[in-house]
Amino acid sequence: MSSSIPSQTETLAWQGDTEGHLVLIDQTKLPTELVTIDCQDLETVWEAIKMLRVRGAPAIGIAAAYGVVIGIRDAGNQREALIQKLNEVTDYLATSRPTAVNLFWALSRMKELAHGLGDESASAIRSRLLQEARAIHEEDRQMCHAIGRHGAALLDDKVSGVLTHCNAGGLATAEYGTALSVFFTAHDLGKQVHVYVDETRPLLQGARLTAWELMQRNIPATLICDSMAAQVMRENRVQAVVTGADRIAANGDAANKIGTYSLAILANYHQVPFYIAAPSSTFDLSISSGDEIPIEKRLSEEITEGFGKRTAPEGVDVYNPAFDVTPAKLITAIITERGVIDPISTQAVAEHLRD
Ligand code: MRU
């Protein structure tokens, strides 16, 4: 792993051919340092996902797809050995984080492609897998822009204040984001959006990443602590809440960063529309409701001594779920690259995603 000032600020970039490597912005260093890491081996990709150097559901999926290309590099020229290695590599990458379904979606897509390639040579399979990882990357870019267009149309001209949680921006995707794409597009269309940014305890993705992205684009933004959202709504400062998602069940229940569920309840109480913006790769139609979404539990140190400063007594008992599930009935609409699901039901989700 090496670190340097990036020549470009793409969240993820692949450099070279099948022997190349993945370059990631190390998001744990933002906003004070904008540095990249070079992922030359599988363990570095796994560690980058686990430690949130690359994070956000779509970005995790893209990183994992490139991770497969890196992981099978030394498997030799026998097709069978390569496929065996591919299975091991995808199983290993799947252990990095449990909640964002985009990770498993991208790994399955890579695996299915390779398994379906009949008797092509090992080197042809490697090239096709790199092509597939690049396609996953490019498709995400396009999906994010489409989400922005559909979402911005929902914000009428009376909307001025919007609120978001965690980071569902360019840093969480190939480019442009999901929830933030809605604000970026609205801003580009000349709508007056002012974004209230939840800081997002405990890892502060809102404060460190979303505030940074909005400031980079000169979009008016105000940072608040998570616990201030109710007061901000009571003061009529926000007319819409938009967040991303890590996994959406067949009935529209949506997992996202811890704190999203309570925001949805607050929005409901204050009659503020609550939108989820996510690409179709974030849906998991194999589960009927959000009850089946695995919720990642992270280390207690993230709460007791986040960013190196102890803020709780030694030995205190801690519970640290990284995500929560917002029931579909609290979600006004789900915005995808295909359009808007409103009202949300199992049938509406299925129809929306039908090819
Ligand atoms: O733990 P993180 O930072 O990976 O959590 C990210 C989120 O919860 C995002 O809102 C979600 O992945 C959507 S990103 C477009």
Side-chain angles (χ1 to χ4, degrees), residues 11-12 24-28 30 48-64 96-106 137 139-141 143-148 151 163-184 197-213 226 241-248 254-264 274-284 290 293-299 302-303 306 320-326 331 334-337:
T11 302
L12 312 102
L24 301 171
I25 292 181
D26 183 348
Q27 299 187 33
T28 63
L30 283 168
I49 297 173
K50 178 82 187 167
M51 301 309 292
L52 278 58
R53 299 185 198 288
V54 60
R55 34 106 359 243
I60 293 172
I62 299 163
S96 56
R97 291 190 78 188
T99 303
V101 78
N102 307 60
L103 171 69
F104 309 99
W105 169 84
H137 194 170
E139 286 166 23
D140 188 66
R141 201 185 302 276
M143 289 193 288
C144 286
H145 283 273
I147 287 169
L163 191 148
T164 194
H165 189 71
C166 194
N167 172 266
L171 289 165
T173 58
E175 173 185 276
Y176 221 52
T178 57
L180 292 200
S181 170
V182 173
F183 307 151
F184 295 158
V197 181
D198 265 3
E199 69 176 350
T200 317
R201 278 276 290 156
L203 294 181
L204 306 185
Q205 288 93 331
R208 295 187 301 106
L209 310 175
T210 299
W212 182 79
E213 280 198 50
D226 303 341
V241 177
V242 189
T243 76
D246 286 81
R247 192 185 295 226
I248 304 174
N256 191 48
K257 179 53 54 193
I258 191 77
T260 305
Y261 177 26
S262 42
L263 257 192
F274 179 91
Y275 300 110
I276 292 277
S280 48
S281 51
T282 300
F283 286 78
D284 181 355
I293 299 177
I295 300 293
E296 179 180 14
K297 313 292 185 311
R298 293 189 64 90
L299 294 177
E302 291 180 354
I303 293 179
N320 185 14
F323 298 94
D324 56 27
V325 175
T326 301
I331 303 169
I334 301 175
I335 306 157
T336 80
E337 78 280 6

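Every value quoted in this text rests on a predicted model; they were computed, and no experiment measured them. Numbers here are sequence positions counted from 1. Ligands are counted one by one from 1 in listed order, and the atoms in each one are counted from 1 as well.
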Main-chain N/O of E199 paired to D226 side chain as donor or acceptor, under 3.5 Å: yes
Any donor-acceptor N/O pair, N167 side chain to G206 backbone, under 3.5 Å: no
Could you pull out every N or O of ligand 1 that sits under 3.5 Å from a protein N or O, with the distance for each pair?
unit_1: ligand 1; atom_1: 1 (O); unit_2: R97; atom_2: NH1; d: 3.4
unit_1: ligand 1; atom_1: 1 (O); unit_2: R97; atom_2: NH2; d: 2.8
unit_1: ligand 1; atom_1: 1 (O); unit_2: K257; atom_2: NZ; d: 2.8
unit_1: ligand 1; atom_1: 3 (O); unit_2: R55; atom_2: NE; d: 2.7
unit_1: ligand 1; atom_1: 3 (O); unit_2: R55; atom_2: NH2; d: 3.4
unit_1: ligand 1; atom_1: 3 (O); unit_2: Q205; atom_2: NE2; d: 2.9
unit_1: ligand 1; atom_1: 4 (O); unit_2: G56; atom_2: N; d: 3.0
unit_1: ligand 1; atom_1: 4 (O); unit_2: R97; atom_2: NH1; d: 2.8
unit_1: ligand 1; atom_1: 8 (O); unit_2: D246; atom_2: OD1; d: 2.9
unit_1: ligand 1; atom_1: 8 (O); unit_2: N256; atom_2: OD1; d: 3.1
unit_1: ligand 1; atom_1: 8 (O); unit_2: K257; atom_2: N; d: 3.2
unit_1: ligand 1; atom_1: 10 (O); unit_2: N256; atom_2: OD1; d: 2.6
unit_1: ligand 1; atom_1: 12 (O); unit_2: A57; atom_2: N; d: 2.8
unit_1: ligand 1; atom_1: 12 (O); unit_2: D246; atom_2: OD1; d: 3.1
unit_1: ligand 1; atom_1: 12 (O); unit_2: D246; atom_2: OD2; d: 2.9

Side chain to side chain contact (heavy atoms under 4.5 Å, CB included) against E337, all qualifying residues, sequence neighbours excluded: M143, A146, I147, P279, S280
Side chain to side chain contact (heavy atoms under 4.5 Å, CB included) against A211, all qualifying residues, sequence neighbours excluded: none
ring-ring contact (aromatic ring centres under 6.0 Å, His included) partners of Y275, counting only residues at least two apart: none
Working for salt bridge (Lys or Arg N to Asp or Glu O under 4.0 Å), residues R298 and E296: CA-CA 6 Å; R298 293 189 64 90; E296 179 180 14; 2.7 Å; yes
